[in-house]
Colleague: 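Dumping the structure here so I can ask a few things about it.
Numbers for residues simply follow the sequence, beginning at 1. Not measured: the values here are computed from a predicted model. Below, each value reflects all heavy atoms present in this structure, side chains not excepted, and no hydrogens, waters or symmetry copies.
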Amino acid sequence: MPICFITQPIHPMAVTFLQAQGVEVRFASAPTLEAARAEVGNADAVITRDLGFDATAIAAAPQLRIIACHGSGTNRIAVGQAAQRGIVVTRAVNANSRSVAELTIALLLAAARRICPADAAVRSGDWGFRYQAPGMEVYGKTLGLVGFGAIARHVAQIAHHGLGMRVVAWSPHVPEEVFHKHGVTRLPDLSTLLEQVDVVSLHRPVEALEPPTLTADKLALLKKGAIVLNTSRGLAIDTVALRARLEAGDIAAAALDVLPHEPPAVDEPMLTAPNSLLTPHIGASTEEALQKMAMMCAQQVLDCLSGKTPEHAIRVEQS
């Protein structure tokens, strides 16, 4: 009987599905790489969420044939080492796109209307909060999308058709016809985008060794009173620089679902930054997205174990 080792909890529908197909399912005793290394053993397949699966964990699994990523980002999986062993790595492509986009819009509105400090004010007896610094009406404002993949396209649709925002985007690799199809203005570079927008939302992957997309210099290009959103990768923003701009009042608010280190270190600058809203990487944490991602992973595991090539297997160029 083939064995699928799961590093963190997934939707029970996928577990039941695997078991019904004759796959033994084992769960890690803790959501840590230490537990994964110690317990993966003779597993044929691994399903992992944001924990990833590093080179040492791969080395501890001599029979491993597939690592299925419960999400779209594989930056925490040692893809190169897996390829050297002939281990397939897959992604749950677009399974969570709508949920992440909806959280992006939720963060936008919460930041623009100062929902969290308003809630805290009522609970502390400060009804006069309503006379303090007003929020922003987003209708007619310009939203800039950094990256224009599936999530950003959903954000564009909701922001433009639902909220009446003007949407612009920058993405060096997306064809021009995709922007035209979605009614979004393509800008030639990141700097041009940042200079124009009232709200900037990040939707591009960033690798560990890359510089942040929003460095101190890039943040300085934003107009006074702009809002910064990030539901992509925590490393995409220099959070030291972002905190400084928030403290100076140059940026009105920041709403982040991701941070450079997760969970954040005690000295993470954004933990004490003013006018900031933080959520614990919950973009894909809806019933619908969790079910779709888990079932996609389960099907990819079954495909691989039966000798088929999974639909969303990553292709790695061997040097």
Side-chain angles (χ1 to χ4, degrees), residues 97-98 100-118 133-171 179 182-204 206 212-234 236-239 241-259 270 273-279 283:
S97 298
R98 185 69 186 193
V100 178
E102 290 181 2
L103 179 70
T104 303
I105 296 297
L107 293 176
L108 163 59
L109 293 173
R113 296 306 306 270
R114 307 184 68 210
I115 298 298
C116 290
M136 173 199 292
E137 183 177 281
V138 300
Y139 179 84
K141 298 299 192 299
T142 299
L143 168 64
L145 303 173
V146 180
F148 200 57
I151 294 170
R153 295 169 203 174
H154 283 302
V155 172
Q157 182 264 325
I158 301 169
H160 178 64
H161 296 287
L163 300 176
M165 300 185 77
R166 170 179 177 253
V167 183
V168 300
W170 167 72
S171 181
F179 291 85
H182 292 274
V184 171
T185 300
R186 183 180 196 172
L187 296 182
D189 54 66
L190 178 59
S191 295
T192 300
L193 181 144
L194 294 173
E195 292 168 346
Q196 293 190 19
V197 302
D198 301 289
V199 182
V200 60
S201 185
L202 300 183
H203 299 283
R204 291 192 78 216
V206 176
T213 304
L214 294 188
T215 59
D217 290 343
K218 294 299 185 185
L219 287 166
L221 297 175
L222 289 166
K223 64 177 69 173
K224 188 176 179 65
I227 292 173
V228 175
L229 309 175
N230 189 10
T231 54
S232 59
R233 297 288 181 269
I237 300 180
D238 179 342
T239 55
L242 178 57
R243 179 197 165 97
R245 302 296 291 184
L246 288 164
E247 288 183 328
D250 298 322
I251 292 175
L256 314 178
D257 186 45
V258 288
L259 290 167
M270 291 306 299
N275 301 318
S276 61
L277 189 168
L278 307 177
T279 51

Colleague: Would you call V197 and V168 a side-chain contact if the rule is heavy atoms closer than 4.5 Å?
Modeller: yes
Colleague: Would you mind telling me which of L194, D238, V146 makes a side chain to side chain contact (heavy atoms under 4.5 Å, CB included) with L214?
Modeller: L194
Colleague: Quick check: closest heavy atoms across G147 and A152, and the distance to 0.1 Å?
Modeller: O-CB, 3.4 Å
Colleague: Looking at side-chain heavy atoms only, is the closest gap between R98 and Q157 below 4.5 Å?
Modeller: yes
Colleague: Show the numbers, then the answer: is there a side chain to side chain contact (heavy atoms under 4.5 Å, CB included) between I251 and I227?
Modeller: CA-CA 6 Å; I251 292 175; I227 292 173; over 6 Å; no
Colleague: Shortest non-hydrogen contact from A236 to L202?
Modeller: CB-CD1, 3.8 Å
Colleague: Which of these passes side chain to side chain contact (heavy atoms under 4.5 Å, CB included) with L256: L107, L277, L278?
Modeller: L278
Colleague: Calculate, to the nearest 0.5 Å, the distance between atoms CG and CH2 belonging to L193 and W170 respectively.
Modeller: 9.0 Å
Colleague: Run the numbers on D257 and T279 for side chain to side chain donor-acceptor pair (under 3.5 Å), then give the verdict.
Modeller: CA-CA 5 Å; D257 186 45; T279 51; 2.6 Å; yes
Colleague: Do you know the tightest heavy-atom contact between S97 and I151?
Modeller: CA-CG1, 3.6 Å
Colleague: I237 and P212: which non-hydrogen atoms are nearest, and at how many Å?
Modeller: C-CB, 3.9 Å
Colleague: Please identify which of these residues, R166, K223, K141, meets the salt bridge (Lys or Arg N to Asp or Glu O under 4.0 Å) condition with D198.
Modeller: K223
Colleague: Is the backbone of A133 close enough, under 3.5 Å, to the side chain of R114 for a donor and an acceptor to pair up by distance?
Modeller: yes
Colleague: Are any side-chain N or O atoms of S276 and backbone N or O atoms of A273, one a donor and one an acceptor, separated by less than 3.5 Å?
Modeller: yes
Colleague: Is any side-chain heavy atom of L145 closer than 4.5 Å to one of V167?
Modeller: yes
Colleague: Relative to the ring of F148, is the ring of F179 parallel (under 30°), tilted (30 to 60°) or perpendicular (over 60°)?
Modeller: parallel
Colleague: Taking the side chain as every heavy atom from C-beta outward, state whether H160 and M165 have any pair of such atoms under 4.5 Å apart.
Modeller: no
Colleague: Ignoring hydrogens and geometry, is there a side-chain-to-backbone donor-acceptor pair from K218 to T213 under 3.5 Å?
Modeller: no
Colleague: Which atoms form the tightest heavy-atom contact between A156 and V184, and what is the distance?
Modeller: CB-CG2, 3.8 Å
Colleague: Do the non-hydrogen side-chain atoms of S191 and L221 ever get within less than 4.5 Å of each other?
Modeller: yes
Colleague: Given H203, which of N230, T104, V100, L229 fulfils the side chain to side chain contact (heavy atoms under 4.5 Å, CB included) condition?
Modeller: T104
Colleague: Do D250 and L222 have side chains that approach each other closer than 4.5 Å (heavy atoms only, starting at C-beta)?
Modeller: no
Colleague: What closest approach, in Å, do A101 and H154 show between heavy atoms, and which atom pair accounts for it?
Modeller: CB-CB, 3.4 Å
Colleague: Would you say CZ of R186 has more than 12 non-hydrogen atoms from neighbouring residues, nucleotides or ligands within 6.0 angstrom?
Modeller: yes
Colleague: To the nearest 0.5 Å, what is the distance between CG (L108) and CE (M136)?
Modeller: 8.5 Å
Colleague: Can you find a heavy atom in the side chain of V138 that is under 4.5 Å from one in the side chain of L109?
Modeller: yes
